[in-house]
Asks: 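Below are the structure tokens for one structure; questions will follow.
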There are 2 protein chains.
Amino acid sequence: MNILTQQAQFDHPCPIRNVLHRIGDQWSLLVLETLSRKTLRFNEIGREINDISKQMLSRTLKRLEQDGFITRTVFAEVPPRVEYALTDVGRSFLVPMQALVQWADANHATICESRRQY
Amino acid sequence: MNILTQQAQFDHPCPIRNVLHRIGDQWSLLVLETLSRKTLRFNEIGREINDISKQMLSRTLKRLEQDGFITRTVFAEVPPRVEYALTDVGRSFLVPMQALVQWADANHATICESRRQY
DNA sequence: AGCTTTCGGTCTACATTTGAGACTATCGTT
DNA sequence: AACGATAGTCTCAAATGTAGACCGAAAGCT
């Protein structure tokens, strides 16, 4: 039993593993990285990521909002405008996230070589 | 288009996004964290994580091995013994990963509170 | 002697998640 | 008058994940 599992197995509502499970899905990191530069609208995020379906973008944004990483602001206009922006929590998350991205950047050549040799 | 997407969309074999996609799955971080303390056998890892299926453990270990994060050593014994250990690359990955874990630890109460309020 | 457990997986059948694309209503442009 | 943009939701099909049976040989227990 490690730090990631010790609470999850007792169905605690909020173990570390729970947190990592959210950010460790297919799209969350990508969305947060996209929002790290500036506030964006729904379709703008979709166009940046380029291969995310509307459904998954919608779900991912909703969960990130629930968890307090981002805010969702609706403007009463037609056509509708909805803007997504990082919260303080979201911005503080960028620090460890960018360390990860940098590691990936520095090591991806090595990893690809490893895959090729396999 | 951001740093994570710019190469993936051109089907480059090894963009940063490719790397993060692997580690950003359901189980990879958990397995790496489990192996961070010591070398373990297949079923030992399964018991530590506790709620991973054998199939996913098998697949996850195979991909981590392909990508060069871990080594797989088979001992010609009966019953069989197969040991998994971190490589240098795997160990270097622990640095940014543990920063993430610490962030999750420090912020999970806030996140849970945010979920509750939603 | 015979039964159970263990090892590291693979296989199959079922459940859950994801993706592609249609659909919504309103307004500005052509 | 038709078209596209807006932010989503809905439905159906495809992909992915889970649970549990199964494998063969050996060691431990009764």
Side-chain angles (χ1 to χ4, degrees), chain A residues 4-5 8-9 11 17-18 20-31 34-35 38-67 69-86 118, chain B residues 4-5 8-9 11 17-18 20-31 34-35 38-67 69-86 118:
Chain A
L4 296 169
T5 52
Q9 77 160 4
D11 277 344
R17 189 162 157 183
N18 223 313
L20 291 185
H21 186 272
R22 291 285 178 103
I23 63 92
D25 70 357
Q26 186 78 247
W27 300 111
S28 294
L29 286 180
L30 234 30
V31 168
T34 302
L35 287 174
K38 65 169 190 284
T39 294
L40 291 171
R41 303 172 65 165
F42 184 88
N43 281 337
E44 288 175 329
I45 302 171
R47 269 182 245 117
E48 289 260 331
I49 295 182
N50 190 46
D51 59 351
I52 185 173
S53 66
K54 286 160 161 263
Q55 193 173 63
M56 286 314 291
L57 179 54
S58 175
R59 284 188 202 164
T60 303
L61 289 169
K62 202 167 291 175
R63 285 182 310 177
L64 290 174
E65 188 198 357
Q66 280 175 357
D67 287 4
F69 288 81
I70 62 177
T71 57
R72 176 176 183 273
T73 312
V74 182
F75 295 84
E77 301 175 2
V78 170
R81 180 156 62 104
V82 181
E83 289 189 347
Y84 293 91
L86 292 179
Y118 193 80
Chain B
L4 296 168
T5 52
Q9 76 159 0
D11 277 343
R17 189 162 157 182
N18 223 314
L20 291 185
H21 186 272
R22 290 286 178 102
I23 63 92
D25 70 357
Q26 186 76 247
W27 300 112
S28 294
L29 285 179
L30 234 30
V31 168
T34 303
L35 286 174
K38 63 169 191 286
T39 294
L40 291 171
R41 303 172 64 164
F42 184 87
N43 282 337
E44 287 175 330
I45 302 171
R47 269 183 245 115
E48 289 260 331
I49 295 183
N50 190 46
D51 58 350
I52 186 173
S53 66
K54 285 160 162 263
Q55 193 174 63
M56 285 314 291
L57 179 55
S58 176
R59 283 187 202 163
T60 303
L61 289 168
K62 202 167 288 174
R63 284 182 310 177
L64 290 175
E65 188 199 356
Q66 281 175 356
D67 286 4
F69 287 81
I70 62 176
T71 57
R72 176 175 183 274
T73 312
V74 183
F75 295 84
E77 301 175 0
V78 171
R81 180 157 62 104
V82 181
E83 290 188 347
Y84 293 92
L86 292 179
Y118 193 81

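All chains are named by letter (A, B, ...) in the order of the sequence lines, taking the proteins before the strands, and each is independently numbered beginning at 1.
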Asks: May I ask you to evaluate whether A/Arg47 reaches the phosphate of D/dT6, defined as a side-chain N or O under 4.0 Å from OP1 or OP2?
Replies: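 True: A/Arg47 side-chain N/O within range (under 4.0 Å) of D/dT6 OP1/OP2.
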Asks: Taking the side chain as every heavy atom from C-beta outward, state whether B/Asp51 and B/Trp27 have any pair of such atoms under 4.5 Å apart.
Replies: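 In contact.
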Asks: Knowing that exactly one of A/Thr39, A/Leu64, A/Thr60 qualifies, which makes a side-chain contact (heavy atoms from CB on, under 4.5 Å) with A/Ile70?
Replies: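 Of the listed residues A/Thr39, A/Leu64, A/Thr60, the side-chain contact (heavy atoms from CB on, under 4.5 Å) partner of A/Ile70 is A/Leu64.
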Asks: In whole angstroms, how far is the P atom of C/dG9 from the CG atom of B/Asn43?
Replies: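 Value for this atom pair: 9 Å.
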Asks: Need one value for B/Phe75: base, sugar-phosphate or nothing, where a base atom within 4.0 Å counts as base even if backbone is also close, heavy atoms only.
Replies: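 It contacts nothing in the nucleic acid.
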Asks: Under 4.0 Å between a side-chain N/O of B/Arg41 and OP1 or OP2 of C/dG8, yes or no?
Replies: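 Checking B/Arg41 against C/dG8: at least one side-chain N or O falls below 4.0 Å of OP1 or OP2.
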Asks: With respect to the phosphate group of C/dG8, does any side-chain polar atom (N or O) of B/Arg59 fall under 4.0 Å of OP1 or OP2?
Replies: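 Result: no.
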Asks: So which nucleotide from C/dA22, D/dA21, C/dG19 ends up closest to the side chain of B/Lys54?
Replies: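 Looking only at side-chain atoms, B/Lys54 lies closest to D/dA21.
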Asks: Taking any heavy-atom pair under 4.0 Å as a contact, classify B/Gln26: base, sugar-phosphate, or nothing.
Replies: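 No contact.
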Asks: Can you see if the side chain of B/Ser58 gets near the phosphate of C/dT10 - specifically, an N or O under 4.0 Å from OP1 or OP2?
Replies: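 Answer yes for this pair, as a side-chain N or O of B/Ser58 is under 4.0 Å from OP1 or OP2.
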Asks: When all nucleic acid strands are considered with a 4.0 Å heavy-atom cut-off, which category describes A/Val78: base, sugar-phosphate, or nothing?
Replies: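 Base: the residue A/Val78, judged by heavy atoms under 4.0 Å, touches a nucleobase.
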Asks: Quick one: is A/Trp27 getting a side-chain N or O under 4.0 Å of the C/dT17 phosphate, OP1 or OP2?
Replies: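 False: A/Trp27 side-chain N/O out of range (4.0 Å or more) of C/dT17 OP1/OP2.
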Asks: Tell me: CE of A/Met56 to P of C/dT16, nearest whole Å?
Replies: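 That distance rounds to 17 Å.
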Asks: After noting the C-alpha distance and the side-chain angles of B/Phe75 and B/Val82, does the key distance pass the side-chain contact (heavy atoms from CB on, under 4.5 Å) rule?
Replies: CA-CA 6 Å; B/Phe75 295 84; B/Val82 181; over 6 Å; no
Asks: How many whole angstroms separate atom CG of A/Leu61 from atom C1' of D/dA7?
Replies: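 Spelled out: CG on A/Leu61 to C1' on D/dA7 is 11 Å.
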Asks: Counting only side-chain N and O atoms of B/Lys62, is one of them less than 4.0 Å from OP1 or OP2 of C/dT10?
Replies: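 Yes, B/Lys62 has a side-chain N/O under 4.0 Å of OP1/OP2 on C/dT10.
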Asks: Need to verify one output field. Residue with the more 5' nearest nucleotide on DNA chain C, B/Val82 or A/Pro79?
Replies: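 Result of the comparison: B/Val82.
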Asks: Hey, are A/Glu83 and A/Arg81 close enough for a salt bridge, meaning a charged N less than 4.0 Å from a carboxylate O?
Replies: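 Yes.
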Asks: Measure from CG on A/Asp51 to C1' on D/dA15 and round the result to the nearest Å.
Replies: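 It is 16 Å, rounded to the nearest whole Å.
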Asks: B/Gln55 CD to C/dA15 C1': how many Å, rounded?
Replies: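 In whole Å, C/dA15 C1' lies 13 Å from B/Gln55 CD.
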Asks: Taking atom P of D/dT6 as reference, at what distance in whole Å does atom CD of A/Glu83 sit?
Replies: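 In whole Å, D/dT6 P lies 13 Å from A/Glu83 CD.
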Asks: Send over the distance from A/Ile52 CD1 to D/dA7 C1', rounded to a whole Å.
Replies: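 A/Ile52 atom CD1 is separated from D/dA7 atom C1' by 14 Å.
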Asks: Can you figure out which of C/dC7, D/dT6, D/dA19 approaches the side chain of B/Pro80 most closely?
Replies: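 Looking only at side-chain atoms, B/Pro80 lies closest to C/dC7.
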Asks: Can you tell me how far P of D/dA5 sits from CD of A/Glu44, to the nearest Å?
Replies: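 Nearest whole value for this atom pair: 14 Å.
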Asks: Looking only at heavy atoms, what is the nearest atom pair of B/Lys62 and A/Tyr118, with distance?
Replies: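 The pair with the smallest heavy-atom distance is CG-OH, 4.0 Å.
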